[in-house]
K.L.:
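For reference, the structure I am asking about is given below.
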Amino acid sequence: MGWDGAVNAWHVAGGVYRMGRREWLTAAGWRQAYDGGIRTVIDLRNAAEARRRETDPPVPESAWSGITVVSAPTEEPGDPRFTQLAGPYLNDPAYYADNARIFPEKLAGVFKALAAASARGDVVLHCAAGRDRSGMVQDLAGDSDQDIAEGYRRAARGINERYRTHGPPHDRERYVEEHELVPLLEQRGDAVVEFVRGLDTRNFLLRNGLTSADLDAVLSLCGAGVSR
């Protein structure tokens with residue numbers, strides 16, 4: 001997506017989009033997103049991650065007038081059940097299944113937020129990098145295995161390019177050269193597909209707090225058929 005300042009911003013399915021940190025958007029970028037139909041931004045980061053940096057463009061709060069920002073983190077920071085596996089935050093599809101096992105209510109909470117947002121208009125999901133997080137949406141939308149894998153790989157390439165030009169934000173991230181990136185993305189794209197197909201996204205959400213009406217709202221937002 002060409003919203004000014006947006007990093008790694010992509011259309012996912014139906015009325016759902018993804019991107020990296022919203023703080024990268026300029027005031028003009030917020031207006032472009034609004035004019036394009038965006039009415040809700042769902043922030044998947046933990047509270048400690050969701051902060052401005054000195055390098056972020058100055059943007060008045062009025063810039064996102066008409067757009068609701070919702071916090072819906074997908075894990076509990078510092079929970080030893082998760083940090084012993086994945087470290088301080090999620091950045092590898094190898095741990096998606098652990099995320100779903102340990103924090104099912106948090107993942108379901110994201111989709112409750114999507115259901116609530118669907119009546120307002122289109123939605124942007126974002127974390128820090130815009131690299132993870134949308135495989136379940138693509139699964140609900142009916143995307144093929146190839147499309148789901150390529151969605152991850154495209155986004156991972158996008159943030160890797162950002163690291164090449166601007167440097168990584170901390171020592172847990174780095175720019176990956178092409179010879180290493182290609183096999184890494186092949187493996188991780190396949191891991192995303194394995195996760196969503198093994199999860200059975202619709203039934204997972206219904207088991208963890210979504211109503212049938214919530215699910216139908218999400219499916220409609222994703223451009224898919226209703227659950228019945």
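All values reported here derive from a predicted model rather than from experimental measurement.
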K.L.:
Only counting residues at least two apart or in another chain, list the ones meeting side chain to side chain contact (heavy atoms under 4.5 Å, CB included) with Asp56.
P.N.:
Arg21, Glu23, Trp24, Arg52, Arg53
K.L.:
Among residues at least two apart in sequence or on other chains, which ones pass salt bridge (Lys or Arg N to Asp or Glu O under 4.0 Å) with Asp4?
P.N.:
none
K.L.:
Who clusters with Ile38? Use side-chain heavy atoms, under 4.5 angstrom, across I, L, V, M, F, W and Y, and order the result by chain and number.
P.N.:
Met1, Trp3, Tyr17, Met19, Leu25, Trp30, Tyr34, Val41, Val59, Trp64, Ile67, Val69, Val124
K.L.:
Applying side chain to side chain donor-acceptor pair (under 3.5 Å), can you list everything that pairs with Glu180, at least two apart in sequence or on another chain?
P.N.:
Arg174
K.L.:
Can you name the closest pair of heavy atoms from Ala27 and Pro60 and give their distance?
P.N.:
CB-CD, 4.5 Å
K.L.:
Verify the ring-centre separation between Tyr96 and Phe195: is it less than 6.0 angstrom?
P.N.:
yes
K.L.:
Should Glu75 and Arg81 count as an ion pair when the cut-off is N to O under 4.0 Å?
P.N.:
no
K.L.:
Looking at Asp92 and Arg188, is there a salt bridge between them, counting it only when a charged N and a carboxylate O are closer than 4.0 Å?
P.N.:
yes
K.L.:
Partners of Thr55 by side chain to side chain donor-acceptor pair (under 3.5 Å), sequence neighbours excluded?
P.N.:
none
K.L.:
Evaluate whether atom CD of Glu194 has more than 12 neighbouring non-hydrogen atoms of other residues, nucleotides or ligands under 6.0 angstrom away.
P.N.:
no
K.L.:
So does Glu105 have more than 12 non-hydrogen atoms from other groups sitting under 6.0 Å from CD?
P.N.:
yes
K.L.:
At their closest point, which heavy atom of Arg51 faces which heavy atom of Arg45, and how far apart are they?
P.N.:
N-NH1, 4.4 Å
K.L.:
Please name all residues satisfying side chain to side chain donor-acceptor pair (under 3.5 Å) with Asp214, sequence neighbours left out, ordered by chain then number.
P.N.:
Lys112, Thr211
K.L.:
Check the hydrophobic clustering (I, L, V, M, F, W, Y; side-chain heavy atoms under 4.5 Å; chains of links allowed) and say if Val196 and Leu206 are grouped together.
P.N.:
yes
K.L.:
For Val12 versus Val137, what's the shortest heavy-atom pair and its separation?
P.N.:
CG1-CG1, 3.8 Å
K.L.:
For a quick test of reading the model, state the closest non-hydrogen atom pair linking Leu185 to Ala156 and the distance between them.
P.N.:
CD2-CB, 3.5 Å
